[in-house]
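For the numbers below, each heavy atom of this structure counts, side chains included, while hydrogens, waters and symmetry mates do not. Residue indices begin at 1 and follow the sequence shown.
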Amino acid sequence: MAEAHQAVAFSFAVTHEGFDISYDQEVLNLVWQSGVRSWKKRVARARNGIRNGVYPAHLQSLWLVIAIALGLHFTSSHVPFNLVKRILPHLPGDTTQWQIVACCLAGLIVWLTICYTMRYTLKLLLMYKGWMYESRARGSKISLKTKIWTVFVKILSSWNKPGLYSFQGSLPRLPLPSVHDTMQRYLRSVRPLLDDDNYNRMEKLAKEFESTIGKKLQRYLILKSWWSTNYVSDWWEEYVYLRGRSPLMVNSNFYGIDAIFMDLTKNQAARAANVTHLLLAFRRLVERQELEPIMIQRMIPLCSWQYERIFNTIRAPGLESDRIIHYKDSNHIVVLHKGCYYKVVIYYRGRLLRPCEIQIQMEEILRSKAEPLPGEEHLAALTAWNRTKWAEIRNNCFARGANRTSLATVESAAFVVSLDEEPYEFDMNDPSKLDHFGRILLHGNGHNRWFDKSFTVCVGTNGRLGFNAEHTWGDAAIKAHIWEYAIMEEKLGQGYDENGNTKGTPEFQPPLPTRLKWDLTPCLSQIEEADKDATQLLNDVELRIFVHNAYGKGFMKTCRTSPDAFLQMALQLAYYRDANKFSLTYEASMTRLYREGRTETVRPCTIESVAWVKSMHDPSKTNEERIELLNQACQRHQLGYQDAMCGKGIDRHLFCLYVVSKYLEVESPFLNEVLSEPWRLSTSQTPHGQTTKMDLKKHPNCISAGGGFGPVADDGYGVSYIIAGEDLIFFHVSAKRSCPTTDAERFAKNIEKALADMRTLFLEAKGSKLVANGVHK
């Protein structure tokens, strides 16, 4: 493997013959180009900052306003509020030149007034959430209020083409619910899970909390909601993620799978190179703010704050709390192959390397006969270890020398690429292959993923790939957007030649990868202990990826129900059959309609869902009655989802009240019990269709199989699903093997049976209706 030309670019020494100056021109050239790129980015950020600050107005409109001010003044007309004459006395003179200056200042004041009037008008409009609760089904009536609101929002949001962060200043703050409303919603959500005695006890605790300490805690939270941009997000990141001490692998990180029906190449180096280039192109769009912001119905913006930390980001371990470190720029990635780490420079001669040039670098790594240094092969297991233990090792063994330099290289990389030594396989006739595919991405072998990194791209020997992502910096919807972009661009872009190689001809020999150096002798025992613990943890995970192709979104629409609500009811039915009881259920929804919004919890286990599930096992109920109960359950679920998106959720408010109580050192029996309740069924839907280019009718093979995560509770299930078209759904079901009451395979079969029974329910009801109307089946 080729090494770096020289560790030092410039050296200066005094000898008996005079001055001795030595330098490496190529390295100095790289330093110069890096500085130029850095300054270009600073200028671009400054320009975008001004553009976003005045959005939705045009920056160019300033010159028009100044021209109007000049025209009015020099034609003896008055500028609004007589601003020119008010400004002139404060200037050194009243000559023509100073009159022009006064006109420019007056124009600037008028322009800024218009800008901020438009901006805060848009902000006030976006505070309205009535549209969320109005049906958008064909034939449904929309209120006059919402129609008028829609017109004004469309005018302001389409007035100027937005950049990625243009709407940030116009997004409203997350509203803080009242304690009374949260108590009422909470009690309703737990009613189906508690018997009468326990419910009465919980109701008493809630009323006592609301009338006593709850008022005090709420006052502090009100102050925080006024002062901070979002009263939840910083505490959520700190206490749910950064202060967690358990391993990131399985417990926190999530994974995403390739578009499994799309097989563009079997060349590992070519696929890794192409996707690396596409991800870096996406990074450039984010940095230049050229990426289109996600907008609901093409007019209601979602917060783009999480995009800032996608790349060049690491979660660094700490003794008590971790830190998110985001580097402003990075001109390299790190590639992990056969236990060896390589720095790969991806900018050279003033531009981003092309896929064909990156492929040369990847092939160089794959051809390498290098052997891992002592401890290097299992080094990444430290990132899969207990966070405090990893922090201690990091402070003791990675604070100086080669270890410090190499660790800094890994942590400051744009992202990590892992070139695995096995194929990633998918076969509709052999489900175990897709299950193994998911396990590879979720945890690998415990030491071939850098779990601290914002994400690691994993590439199999057959060219299929996926990713493993750290959760603190952002949520799955953001990573799904990146993945969608890469898949679609790969399909629509230059692609590969007939031999599976990337297209194009290299313009030059790209910089060869540089092997990272480590001296791990002092911590070999800890590395092996971490690897042993990681192996034990991953072996305890059971993952089943169930492909449901009997029907999909198309059939659900004919049932006139929300597809998400339909699937959540199927999960409730499946869990009841699996556990013979109901359990607290978590479904993630987003709050990105508000600035710096992340997620809120929807509680799908409701009074209505329980009534419907029980009706499915009650022979006295007719199919018509069951359908009516199912519709009521779906409507209640939809209302809960809408409330969560609009800042009327339960769990984030209770969480923040709990944090305040801990700061004040005040004990609350109610909050202690609520925050200790286990989520035995944790669910999430993987979004798709975020990229405007994603058209499954034209490119049906481009849909990803979605992704998944580990179980949240030791005796529970983690279920992620993606509605992958009209007739296809992927379910990712995880559980712990050590738990005697859970079984991922069994639960997947219960999901399959629940979906089949729901289809039969509607078909039989429809058939009965036709017979009753005198129409043959």
Side-chain angles (χ1 to χ4, degrees), residues 427-432 434-435 542-583 585 587 604-605 608-634 637 681 683 685-686 703 705-706 708 717-735 742-771 777:
D427 186 347
M428 288 290 285
N429 298 318
D430 187 356
S432 65
L434 187 57
D435 296 345
E542 181 186 13
L543 180 66
R544 174 75 177 91
I545 302 178
F546 164 50
V547 184
H548 182 268
N549 57 1
Y551 66 90
K553 182 170 59 176
F555 175 77
M556 297 176 203
K557 288 179 179 178
T558 65
C559 300
R560 297 184 179 180
T561 60
S562 156
D564 181 71
F566 189 99
L567 293 178
Q568 283 293 332
M569 294 308 106
L571 292 175
Q572 288 298 309
L573 179 58
Y575 187 85
Y576 181 75
R577 290 171 172 173
D578 188 87
N580 200 29
K581 63 179 181 180
F582 297 99
S583 181
T585 306
E587 182 189 6
C605 185
E608 291 79 6
S609 69
V610 167
W612 170 71
V613 169
K614 288 183 177 179
S615 76
M616 293 294 288
H617 298 87
D618 183 354
S620 67
K621 296 290 185 182
T622 66
N623 283 344
E624 287 73 16
E625 290 174 323
R626 290 167 179 161
I627 289 175
E628 178 60 28
L629 289 171
L630 176 58
N631 286 333
Q632 292 175 10
C634 288
H637 178 79
L681 180 57
T683 71
Q685 180 183 175
T686 303
I703 186 66
Y717 294 106
V719 182
S720 176
Y721 54 93
I722 181 171
I723 303 172
E726 296 299 309
D727 298 298
L728 189 65
I729 309 167
F730 290 92
F731 291 90
H732 301 247
V733 182
S734 63
T742 59
D743 186 310
E745 176 70 27
R746 184 184 70 213
F747 191 66
K749 289 180 179 178
N750 279 322
I751 295 173
E752 183 178 21
K753 187 176 188 306
L755 289 169
D757 289 349
M758 292 172 76
R759 184 186 190 188
T760 301
L761 176 67
F762 280 96
L763 292 178
E764 287 183 353
K766 184 178 180 181
S768 299
K769 188 175 181 179
L770 291 173
V771 171
K777 293 184 182 180

*Among all residues two or more places apart in sequence or in another chain, which pass the side-chain contact (heavy atoms from CB on, under 4.5 Å) test with Ser583?*
Tyr575, Arg680
*Please identify each residue that fulfils side chain to side chain donor-acceptor pair (under 3.5 Å) with Thr760, with sequence neighbours left out.*
none
*If every non-hydrogen atom of Ser620 is compared with every non-hydrogen atom of Asp618, which pair is closest and at what distance?*
OG-OD1, 2.6 Å
*Asp757: partners by salt bridge (Lys or Arg N to Asp or Glu O under 4.0 Å), with sequence neighbours left out*: Arg577, Lys753
*Provide the closest heavy-atom pair for Glu587 versus Pro604 in the form atom of the first, atom of the second, distance.*
CB-CG, 3.9 Å
_Do Met569 and Thr561 have side chains that approach each other closer than 4.5 Å (heavy atoms only, starting at C-beta)?_
no
*Residues that Ser720 engages under side chain to side chain donor-acceptor pair (under 3.5 Å), provided they are two or more places apart*: Thr686
*So, do Val719 and Phe546 sit near enough that their side-chain heavy atoms are less than 4.5 Å apart?*
no
_Side chain Arg759, main chain Met556, donor-acceptor under 3.5 Å_ = no
*Taking only residues two or more places apart in sequence, or in another chain, which ones meet Asp564 in a salt bridge (Lys or Arg N to Asp or Glu O under 4.0 Å)?*
none
*Least distance between heavy atoms, Phe566 atom then Cys559 atom*: CE1-SG, 4.3 Å
_Any side-chain donor near an acceptor of the partner, Gln568 and Gln572, under 3.5 Å_ = no
*Below 4.5 Å, heavy atoms only, C-beta onward: do Leu567 and Ile723 meet side chain to side chain?*
yes
*Rounded to the nearest 0.5 Å, how far does CG of Leu761 lie from CD of Glu624?*
8.5 Å
_Side-chain (Arg626) to main-chain (Ser615) donor-acceptor, under 3.5 angstrom_ = yes
*Sequence neighbours excluded, which residues qualify as ring pair (Phe, Tyr, Trp, His ring centres under 6.0 Å) partners of Tyr551?*
His548, Phe555
*Hey, could you give me each pair passing salt bridge (charged side-chain N to carboxylate O under 4.0 Å, His left out) that has a residue in residues 552-563? Not counting sequence neighbours.*
none
*So which heavy atom on Ala744 is nearest to which on Glu542, and how close?*
N-OE1, 3.1 Å
_I'd like to check Glu608 versus Leu629 (side-chain heavy atoms, cut-off strictly below 4.5 Å). Are they in contact?_
no
*asked:* Going by side chain to side chain donor-acceptor pair (under 3.5 Å), name the residues that satisfy it together with Asp430, two or more places apart in sequence or in a different chain.
replied: Ser432
*asked:* I'd like to check the side chain to side chain donor-acceptor pair (under 3.5 Å) partners of Asp578; sequence neighbours left out, ordered by chain and number.
replied: Tyr717, Arg746, Asn750
*Has the side chain of Glu625 got a donor or acceptor atom that lies under 3.5 Å from a matching backbone atom of Thr622?*
yes
*If we only count heavy atoms from C-beta on, is the Ile751 to Leu571 side-chain gap below 4.5 Å?*
yes
Can you give me every donor-acceptor pair (side chain of residues 725-735, partner residue at least two apart or in another chain, under 3.5 Å) with its distance?
residue: Glu726; atom: OE1; partner: Gly554; partner atom: N; Å: 3.3
residue: His732; atom: ND1; partner: Tyr255; partner atom: OH; Å: 2.7
residue: His732; atom: NE2; partner: Ala705; partner atom: O; Å: 2.7
residue: Ser734; atom: OG; partner: Phe709; partner atom: O; Å: 2.8
residue: Ser734; atom: OG; partner: Gly718; partner atom: O; Å: 3.3

